[in-house]
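The structure appears right after this line, and notes come after that.
Since the structure is predicted, the reported quantities are computational estimates derived from the model, not experimental observations. What you see below is based on every heavy atom in this structure, not just the backbone, and it leaves out hydrogens, waters and symmetry mates.
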Amino acid sequence: FFTVFAVFFPAATGIMAGANVSGDLKNPSHAIPKGTLIAVAITFVTYGSLIFVAGLACDRCVDSGGGSCPPNGTSTQSWAYAAREAQTIPMGGLLYNKIIFATIAPVHPFFYLGVFASSLSSALSSLVSAPRILQSVAKDKVLNFRWLSYLAVGRGADNNPVRALYFSFAISLGVSLIGNLDAIATLISNVFLASYGLVNLACFGASRTHAAGWRPTFKAYNKWLSLLGAF
């Protein structure tokens with residue numbers, strides 16, 4: 001479950017994109033809730049539809065790549081261990097083909113173009129927002145590291161975080177050189193989950209202590225829901 005979750009979860013990490021660039025928005029208190037909820041609704045319908053499309057159009061398992069499907073179509077733990085040991089894991093079908101949509105897409109190049117576009121958009125949203133957050137953390141001295149003050153300096157009238165951008169790019173490049181997408185997905189899923197948990201906990205703490213600067217205008221906000229989200 002957690003392996004599949006880690007692979008899928010990065011597709012849903014754009015939920016914080018609006019909040020991360022709130023300083024650049026004209027009316028963030030109106031734009032962020034509206035934009036986030038609309039984006040979540042559209043992606044939920046899209047991903048949910050793809051689940052049914054894949055289930056209706058694909059076989060569960062197909063003998064290919066030198067492997068054979070488990071007897072009666074049901075994989076047991078003993079069969080999985082034996083197949084891995086003998087290197088006879090099948091490469092076809094919904095369970096074993098990681099790019100099954102490339103097979104069922106009417107025009108194959110569109111699948112790869114779509115994957116590239118979605119990956120690029122996710123990467124760019126993170127690469128735009130992460131330097132802003134890093135610059136703010138450095139400027140407010142949230143972490144007591146002297147070298148972080150170097151990243152607090154911006155450029156131009158908009159105080160663009162160029163130094164933080166280069167730093168974020170270097171970290172992203174280093175992680176990408178791991179060369180294992182499944183391992184990277186697990187790594188960034190843990191980081192995102194930790195950050196989401198802390199954001200929820202911060203919201204609950206600000207509400208509980210009646211912080212002067214904390215005035216949420218979102219009508220559906222509830223501090224207990226934030227605490228639940230943190231857990």
I need the minimum non-hydrogen distance between P33 and P28, along with the two atoms involved. CD-O, 3.8 Å
Scanning both residues in full, the closest heavy-atom pair of A230 with N200 reads N-CB, 3.6 Å
Taking side chain to side chain donor-acceptor pair (under 3.5 Å) as the definition, give me every residue that meets it alongside [X], ordered by chain and number, with sequence neighbours left out.
{"X": "S78", "result": "T76"}
{"X": "N27", "result": "S29"}
{"X": "S207", "result": "W214, Y221"}

So [Y] and [X], do their side chains get closer than 4.5 Å, heavy atoms only?
{"X": "I104", "Y": "C58", "answer": "yes"}
{"X": "V40", "Y": "L37", "answer": "no"}
{"X": "F5", "Y": "L193", "answer": "yes"}
{"X": "I99", "Y": "N97", "answer": "yes"}

Roughly how far apart are [X] [atom1] and [Y] [atom2], rounded to 0.5 Å?
{"X": "N160", "Y": "L165", "atom1": "CG", "atom2": "CG", "value": "9.5 Å"}
{"X": "F101", "Y": "L94", "atom1": "CZ", "atom2": "CG", "value": "8.0 Å"}
{"X": "I100", "Y": "L50", "atom1": "CD1", "atom2": "CG", "value": "13.0 Å"}
{"X": "S129", "Y": "L134", "atom1": "OG", "atom2": "CG", "value": "11.0 Å"}
{"X": "T103", "Y": "D59", "atom1": "OG1", "atom2": "CG", "value": "11.5 Å"}
{"X": "L173", "Y": "Y166", "atom1": "CG", "atom2": "OH", "value": "14.0 Å"}

Side chain of S149, backbone of R146: donor and acceptor closer than 3.5 Å? yes
Examine distances only and state if a side-chain atom of R163 and a backbone atom of Y150 form a donor-acceptor pair shorter than 3.5 Å. yes
Test log, rule side chain to side chain contact (heavy atoms under 4.5 Å, CB included), inputs L227 and R208: CA-CA 10 Å; L227 182 62; R208 190 69 173 168; over 6 Å; no
Which atom pairs, one a donor and one an acceptor, fall under 3.5 Å between side chains of residues 136-144 and the rest of the protein, sequence neighbours left out?
{"residue": "S136", "atom": "OG", "partner": "R132", "partner atom": "O", "Å": "3.0"}

Any chance you could lay out the side chain to side chain contact (heavy atoms under 4.5 Å, CB included) test for I38 and I42, step after step, and finish with the verdict? CA-CA 6 Å; I38 292 175; I42 292 174; 3.8 Å; yes
Cluster link [X] to [Y], ILVMFWY, side chain under 4.5 Å:
{"X": "F167", "Y": "V162", "answer": "no"}
{"X": "V115", "Y": "L120", "answer": "no"}
{"X": "I133", "Y": "L151", "answer": "yes"}

In sequence, state the C-alpha distance, the side-chain angles, and the governing distance for Y47 and I51, and then conclude on side chain to side chain contact (heavy atoms under 4.5 Å, CB included). CA-CA 6 Å; Y47 291 159; I51 291 172; 5.6 Å; no
Using 30° and 60° as the class boundaries, would you call the ring planes of F145 and W147 parallel, tilted or perpendicular? parallel
Does any pair with a residue in residues 222-231 pass side chain to side chain donor-acceptor pair (under 3.5 Å), and if so which ones, sequence neighbours excluded? none
Starting from the C-alpha separation in whole Å, work towards a yes-or-no answer on side chain to side chain contact (heavy atoms under 4.5 Å, CB included) for V107 and F110. CA-CA 6 Å; V107 184; F110 283 174; 3.8 Å; yes
Could you work out, with side chain to side chain contact (heavy atoms under 4.5 Å, CB included) as the rule, every residue matching V45, not counting sequence neighbours? S49
